[in-house]
Amino acid sequence: MTKKNKMMNEKKEKAKNPFFSAMAAYIKKYYPFLILLFFGLLVVSALYFAKVTTVETVAGFDIDNYEIGQISDRTIIADRTILPDSSDPIMIQKGEKIIKNGFPITDEDYAKLKKMSSSPKYIDYRAFANGELAIIILAIFWFLLYSTINFHRKIRLKEPLLQVILFAIVFAVTAFCLKLSFFSSSYSICIVIPATLCVVLIAILYGNLSAVLFSFILALGVLIASNWQLPTFLYVLSTSLSSAAIVHKTDKRLQLIWSGLLIAIINIAFMLLFMVVFNEKLTGLLKLFLGVFANGFLTGVLTLGLLTPLEAMLNTASVFRLMDLSNTDNPVLKQMQIQANGTYYHSMNVALLAENACREIGANALLAKVGAYFHDIGKIDQSEYFVENQANGENKLIELNPTLSASVIKSHVKKGVEKARQMHLPLAVIDIISEHHGNSVITYFYNEGKVKDDTLQPEDFSYPGNPPSTKESAIVMLADTVEAACRTLENPTAPRLEKFISTLINAKVEHKQLDNCDLTFRDLSKIKESFVHILTGQYHNRIKYQNQQDPDSEENKAEAPVKPEAPAPKVKTEAPAPKVKTEAPAPKVKK
């Protein structure tokens with residue numbers, strides 16, 4: 001019986017394991033985001049409760065649905081005592097029936113209803129729970145969006161943290177500014193809502209897709225905070241999406257000022273549009289237009305001021321920061337050019353290949369270019385051990401045993417990551433540096449080592465990184481491999497290059513170096529075509545001149561000692577002989 005019970009228990013555990021293992025893996029993967037979601041929900045809920053208790057009354061009825069003389073369709077009982085004050089001398093007792101179902105509403109009843117609906121001391125927690133439920137649903141929707149949509153890059157905790165902070169700011173401004181008489185309408189409140197500023201910051205720091213999703217989340221949050229005012233919701237959504245589109249291709253910081261002006265004009269256009277659609281009275285337009293214009297213009301100005309500190313704190317690969325890093329006057333690149341000249345020009349060629357390949361498949365070309373510039377900065381300190389820097393042909397690694405040689409080669413990845421962190425390079429660029437060799441095996445030294453010791457394992461000759469996790473990182477890996485390998489190819493014609501590059505890419509696929517990125521076979525085909533096109537142009541044939549000689553030929557070697565006399569044709573002045581022989585007109589002398 002004990003054996004049968006054990007077998008039954010094991011079967012039950014196996015049956016339960018898939019669910020619990022999947023749940024455990026999900027929590028392990030997303031637990032930082034779940035913790036952030038919980039605390040973000042607490043903050044927004046606290047703001048909503050503060051808004052309820054200080055700005056408006058959450059009651060179980062809408063005063064606009066009742067009038068004097070109307071037959072009541074429900075019974076409303078006061079849940080607490082509200083004392084009279086100087087503005088309203090009416091007294092309400094806890095437990096008092098204000099109106100009764102089936103009875104007409106009197107003047108006194110209506111006055112008490114009005115006092116209950118306008119008093120911040122009267123809170124119907126069931127109605128508060130409705131708003132809180134909407135916030136919870138929005139938070140869950142937010143989390144599911146970011147956990148299911150493929151952004152083609154790593155989502156780090158700093159990104160949703162920034163979004164939670166910006167969301168809380170917009171929610172608080174919307175909720176508490178409604179208390180002010182000037183911003184009490186669904187249109188005037190739009191003047192102070194900083195939604196476009198928040199969306200523009202997200203668009204520049206994390207890309208257009210994040211900005212579009214955040215626009216919807218932000219607009220829904222404004223809808224809850226503004227007491228479900230539809231014009232405010234539509235205005236925030238429209239202007240936020242428009243702002244994200246405007247700054248999508250902005251690549252210079254000063255362009256943000258012009259973007260702010262364009263956003264300001266669009267703000268006015270949407271304000272006028274929604275006022276017409278909802279049949280609002282076109283009064284006080286000048287104040288509204290000036291307000292939303294100032295909101296849009298300040299979006300550009302404040303973005304310009306906030307962007308630099310945010311880039312430093314969040315360490316993001318924004319387009320402006322990548323443009324700065326793509327300048328080859330960078331001190332580290334200058335140091336590489338001096339100390340590791342071969343590595344420098346190799347990196348420039350890799351950047352050219354990677355940038356063009358990314359454009360072909362719609363990846364981030366600027367990120368790949370910058371990543372390629374810095375992917376081999378770990379070689380600077382020991383440049384003489386890498387073949388591209390050995391101008392005299394002496395390979396120092398030959399003097400070392402294969403294991404030690406492999407260790408020297410592998411170390412440039414770790415050193416590159418350390419140097420990149422010291423430079424505070426964006427995390428996306430550091431990922432490219434750490435992943436540009438993946439965990440592939442250094443086959444040359446592995447094969448050399450196996451000849452001497454059969455017990456050696458491939459892991460001892462593998463790079464310490466992980467396979468590329470993004471398209472840009474994978475393309476830099478392929479460009480690095482192709483650029484280095486094609487230098488050894490004899491007679492690099494287009495057909496030979498295409499065949500050789502296909503072999504190199506297929507090898508990466510077979511060794512599972514491209515399993516963690518989102519490259520498709522169609523992408524790989526376009527990448528290969530881009531590589532072939534660029535390299536064919538670099539290795540194109542030239543016409544050989546008639547007097548051109550091979551510098552390694554025997555005839556050239558024999559003439560090497562008399563090298564100073566190389567420009568001999570200029571010395572042989574006897575070549576134009578007819579001019580020297582002045583005796584030619586002899587018949588005239590004989591006369």
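For the atom pair OG1 (T232) and CG (L223), the distance works out to 8.5 Å, reported to the nearest 0.5 Å. Between I99 atom CD1 and L113 atom CG the span is 5.0 Å, to the nearest 0.5 Å. If you take OG on S147 and CG on L34, they are separated by 8.5 Å, rounding to the nearest 0.5 Å.
Taking the six-membered ring where tryptophan is involved, the planes of F274 and F278 are tilted, since the angle between them lies from 30° to 60°. Aromatic ring pairs are classed by plane angle as parallel below 30°, tilted from 30° to 60° and perpendicular above 60°; the pair H436 and H375 is perpendicular.
Side-chain contact check for P426 versus L325: some heavy-atom pair is nearer than 4.5 Å. Looking only at side-chain heavy atoms (C-beta outward), L524 and L514 come within less than 4.5 Å of each other. Residues L366 and M323 have side chains in contact (heavy-atom distance under 4.5 Å, counting atoms from C-beta outward). Considering only heavy atoms from C-beta on, L205 comes within 4.5 Å of L307 through its side chain. Under the 4.5 Å side-chain criterion, counting only non-hydrogen atoms from C-beta, K471 is not in contact with R153. For the pair L36/L157, a side-chain contact is recorded, criterion being any heavy-atom separation below 4.5 Å from C-beta on. F183 is not listed as a side-chain neighbour of L178, based on a closest heavy-atom distance of 4.5 Å or more. In this structure, the side chains of K100 and S72 stay at 4.5 Å or more apart for every pair of heavy atoms.
Judged as a side-chain hydrogen bond (donor to acceptor under 3.5 Å, both in side chains), the pairs with a partner in residues 357-373 (not counting sequence neighbours) are, in order, E355-R359. Among residue pairs with one or both ends in residues 259-279, none qualify as side-chain hydrogen bond (donor to acceptor under 3.5 Å, both in side chains); sequence neighbours excluded. Applying the side-chain hydrogen bond (donor to acceptor under 3.5 Å, both in side chains) test to every pair with at least one member in residues 211-225, sequence neighbours left out, gives no pairs at all. Here side-chain hydrogen bond (donor to acceptor under 3.5 Å, both in side chains) pairs that include residues 315-330, with residues two or more places apart or in two chains, are R253-D324, E311-S318, N315-R321.
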Inset, instruction - Carefully, step by step, assess D431 and R156 under the rule salt bridge (charged side-chain N to carboxylate O under 4.0 Å, His left out). - result: CA-CA 12 Å; D431 288 340; R156 292 180 168 87; 2.5 Å; yes
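Annotation for L254: atom CG does not count as buried by contact number, only 12 or fewer foreign heavy atoms lying within 6.0 Å. Residue-environment remark: CZ (F216) stays at or below the threshold of 12 foreign heavy atoms within 6.0 Å. Other residues, nucleotides and ligands contribute more than 12 heavy atoms inside 6.0 Å of the CD atom of Q70. Heavy atoms from other residues, nucleotides or ligands lying under 6.0 Å from CH2 of W228 number more than 12.
Checking each of F33, F151, F214 against Y146 for a ring-ring contact (aromatic ring centres under 6.0 Å, His included) leaves exactly one that passes, namely F151.
Qualifying side chain to side chain contact (heavy atoms under 4.5 Å, CB included) partners for N150, counting only residues two or more places apart in sequence or in other chains: H152, D518. In this structure L352 satisfies the side chain to side chain contact (heavy atoms under 4.5 Å, CB included) test together with N356, I534, Q538, sequence neighbours excluded.
In terms of heavy atoms, S242 sits closest to F270 at OG-CE1, 3.4 Å.
A side-chain donor-acceptor contact under 3.5 Å links S188 and S185.
For E435 and K154, the salt-bridge test passes: some basic side-chain N is under 4.0 Å from an acidic carboxylate O.
Remark: the backbone N or O of S226 is not paired with any side-chain donor or acceptor of T174 at under 3.5 angstrom.
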